[in-house]
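On a predicted model such as this, the values are computed, not experimentally measured, just so you know.
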Amino acid sequence: MNHTPSGTTANSRTDFIRERVRADLAAGRFDGRVQTRFPPEPNGYLHIGHAKAICLNFAIAAEFDGICKLRFDDTNPETEEATFVEVIQDDIRWLGFEPAEVVFASDYFDQLADWAIDLIEAGLAYVDDQDAEAMSLNRGSFTQPGTDSPWRNRSVEENIDLFARMRDGEFAEGSRALRARIDMGHENMQMRDPVLYRIRHAHHYRTGDSWHVYPTYDWAHGQSDAIEGVTHSLCSLEFDSHRRLYDWCLEHLDLPGDKPEQTEFARLNLTHTMTSKRVLRTLVDGGLVDGWDDPRMPTLRGLKRRGYPPEAIRAFCSHIGVARVNGTHEIELLESFVRTHHNRHALRRMAVLKPLEVVIENWPEGQVVELDAINNPEDDSAGTRKVPFTGRLFIERDDFMIDPPKKFFRLAPGREVRLRAGFYITCIDHVTDETGEVVQLRCTYDPETRGGQAPDGRKVKATLHWVAAEHAVDADVILYGRLFTDSHPGADGTDPLDAVNPDSRQVLTGCKLEPMLADTPGGVVVQFERLGYFAHDLDDPGLWHRTVGLRDEWANIRKRRVKG
RNA sequence: UGGCCGGUAGUUCAAGUGGUUAGAACGUCGGACUUUGACUCCGGAUGUUGCAGGUUCGAGUCCUGCCCGGCCAGCCA
């Protein structure tokens, strides 16, 4: 398996964006500079989809010796909050990126308004007294050209005066708007005199009450890019039709230096996942998850609590690359990167999730042996640890069957297996309760097999994980399944919320952990041997989250058997 | 219905200006190894490159037509 993208340097890695950057550089554009930006609106939490954009923008800048700034696109006072400014910065740093600078579109409000006046003076913008409904009606349709507003030919003086009074808060919200004067018959709807400023008597989290007009995205974005010296403005596919307007705005302003260049790419979609803010908010508000940082959420905070390492997210984003086609990546691919990272870094520990008691009949009464166990076979420097072994242990319920089918080579009556880092044991009897369920195993051990090897060279087919009963630490462990049962929730036109998996989490109580795990700090991810990677909860020391399971051949065998 | 952008294994991406049997990853199947049924290693399978024509010695790459998908008619971004 090769998770390293084929080439990570600017010269070898190729996609249409990097090719364009290289071409621009070769043509001497932008004085050889490369500058990108990540422009979130501070109105919600970042999710895995944003991670792709973040990685792309920062990676391009880094590969071409450029810089990438974080810009808050805070032009809509009604939806934005200061708290998100903090949260978003934290998440970006957690992902592993440090913006060259943190800037705000709202810092450019004065400049943007000045430019709007320039446009008015050039006869390229006007104040329209139509309301939103009338404007919409007059915009025409895909096949019908729009009709000019009755206010389209006001004098420059009147427009200047009206716009000034809009800024002063003289007019009601929605009663007027400043529009670009382009072409109401344009084949591109974005060019049919788009709104540049709308009246909002709203409190802005940064500029307070000093503004009564706010620029639209189209008026703010390109100019913000230009002000900052952005060279390559990367955005998602749906802005494709806005590119002509982006260029139009910049072409009609007196800008120093080269105009930034907008390039669109496909946003990230994942199977069994939704990245729509509306859907995620509904999940949170409806109590279907525990909040924005629920480990089932595709938010960066959710993934963090779940135990997804930022390195894996970055490797994933780099691997999937960029395209101009909207597609949906399999979540298994992301999980594979998570496993690859943890396999190399996570310490191995033993934990029994569904305990079954084992009594070693020939174990010396009261004896405790401290065994040496390897911390990480992938990393010798991780060393070893001591694990206590006694005559009463817990093993996994699933590791024993009274009547084992073919290909089940764990413990069964009369069978011998190895306990990891411990001894060979043989099951000589089992105790069942009145319902027939196995409640205890009686076994013997071979003292000669300490450490896990038999001097006579005999082999066992299985190695089981275990925990000494008296030394075990109790904990709750949460197993997570897909948040949505459907691989493409809502794709068939149904409500994605209908596809929410009612069994997306399974809380296991009374799990038995090896004693060392009690001292693990929150947030740390370890491998519970033979089970998967598990993240210690950030706040609750008695709680673990399954990040992702190990690949499980036995599960595949069972699945195949069920199927047929 | 108009415009724009797309269509390459199950999935996501590769295939310098047209040039041998269209590659890789994940998934899947088989094998080796193994004190994790993990990891690692080896190997197999899956493609009418959306369809139909055309240009050419030669087309996934160029041309034409058609089909399918996405986006666009917020004073959201």
Say whether, by atom type as modelled, one donor and one acceptor occur between the side chain of A:Asp456 and the main chain of A:Arg458 under 3.5 angstrom. yes

The answer to which of A:Asn343 and A:Ala266 contacts RNA chain B further toward the 5' end, by nearest nucleotide, is A:Ala266

Checking base pairs now: Watson-Crick or wobble, both atom distances under 3.5 Å. What partners B:C71? B:G3

Which part of the nucleic acid does A:Tyr197 contact within heavy-atom distance under 4.0 Å: base, sugar-phosphate only, or nothing? nothing

Once you apply the 3.5 Å cut-off to both distances, tell me the Watson-Crick or G-U wobble partner of B:C39, or none. none

Taking the same atom, P, in B:G43 and in B:G6, what whole-Å distance lies between them? 37 Å

Quote, to the nearest angstrom, the P distance that separates B:C71 from B:U12. 16 Å

Syn or anti for B:G54? Use the chi torsion, O4'-C1'-N9-C4 for purines and O4'-C1'-N1-C2 for pyrimidines, with syn inside 90° of 0. anti

What integer number of Å spans the P atoms of B:U61 and B:C51? 10 Å

Aromatic stack A:Tyr217/B:C76: centroid gap under 5.5 Å, interplanar angle under 30°: no

Distance, P atom - from B:C5 to B:G10, rounded to whole angstrom: 28 Å

Across the strands shown, which category fits A:Thr271 at heavy-atom distances under 4.0 angstrom: base, sugar-phosphate, nothing? nothing

Touch class at under 4.0 angstrom, heavy-atom based, for A:Arg139 against every strand present: sugar-phosphate

So, are A:Arg410 and A:Asp398 salt-bridged, with charged N and O less than 4.0 Å apart? no

Does the pair A:His465 and A:Arg420 meet the rule for a side-chain hydrogen bond (donor to acceptor under 3.5 Å, both in side chains), with working shown? CA-CA 5 Å; A:His465 60 277; A:Arg420 177 74 155 159; over 6 Å; no

Walking RNA chain B from its 5' end, the first of A:Leu419 and A:Thr143 to be reached, judged by nearest nucleotide, is A:Thr143

Interatomic distance at P, B:C39 relative to B:A25, whole Å: 15 Å

Is the closest basic N to carboxylate O distance between A:Asp372 and A:Lys386 below 4.0 Å? yes

Looking for any heavy atom pair under 4.0 Å, which part of the strands does A:Phe408 touch: base, sugar-phosphate only, or nothing? base

Over all strands shown, is A:Thr79 touching base, sugar-phosphate only, or nothing at heavy-atom distances under 4.0 angstrom? nothing

Contact class for A:His465 (heavy atom, under 4.0 Å): base, sugar-phosphate, or nothing? nothing

With a 4.0 Å cut-off on heavy atoms, is A:Glu41 in touch with a base, just the backbone sugar-phosphate, or nothing at all? sugar-phosphate

Pick the P atom in B:C68 and in B:A59, then give their distance to the nearest Å. 28 Å

Look at all strands and tell whether A:Gln453 reaches a base, only sugar-phosphate, or nothing, counting heavy atoms closer than 4.0 Å. base

Measuring only the P atom in each nucleotide, how far is B:G30 from B:G70? A whole number of Å is fine. 37 Å

Which part of the nucleic acid, if any, lies within contact of A:Leu196, taking any heavy atom under 4.0 Å across all strands shown: a base, the sugar-phosphate backbone alone, or nothing? nothing

What is the nucleic acid contact for A:Arg200, judged by heavy atoms within less than 4.0 Å: base, sugar-phosphate only, or nothing? base

With heavy atoms under 4.0 Å as the rule, sort A:Leu550 into base, sugar-phosphate or nothing. base

Heavy atoms under 4.0 Å, any strand shown: does A:Gln527 hit a base, just sugar-phosphate, or nothing? base

Roughly how far apart, to the nearest Å, are B:G16 and B:G60 at atom P? 12 Å

Non-hydrogen side-chain atoms of A:Val352 and A:Phe528 separated by less than 4.5 Å: no

Using whole Å, what does the distance between atom C1' of nucleotide B:G31 and atom CD of A:Glu553 come to? 12 Å

Which part of the nucleic acid does A:Asn556 contact within heavy-atom distance under 4.0 Å: base, sugar-phosphate only, or nothing? sugar-phosphate

Any side-chain donor near an acceptor of the partner, A:Arg198 and A:Thr216, under 3.5 Å: no

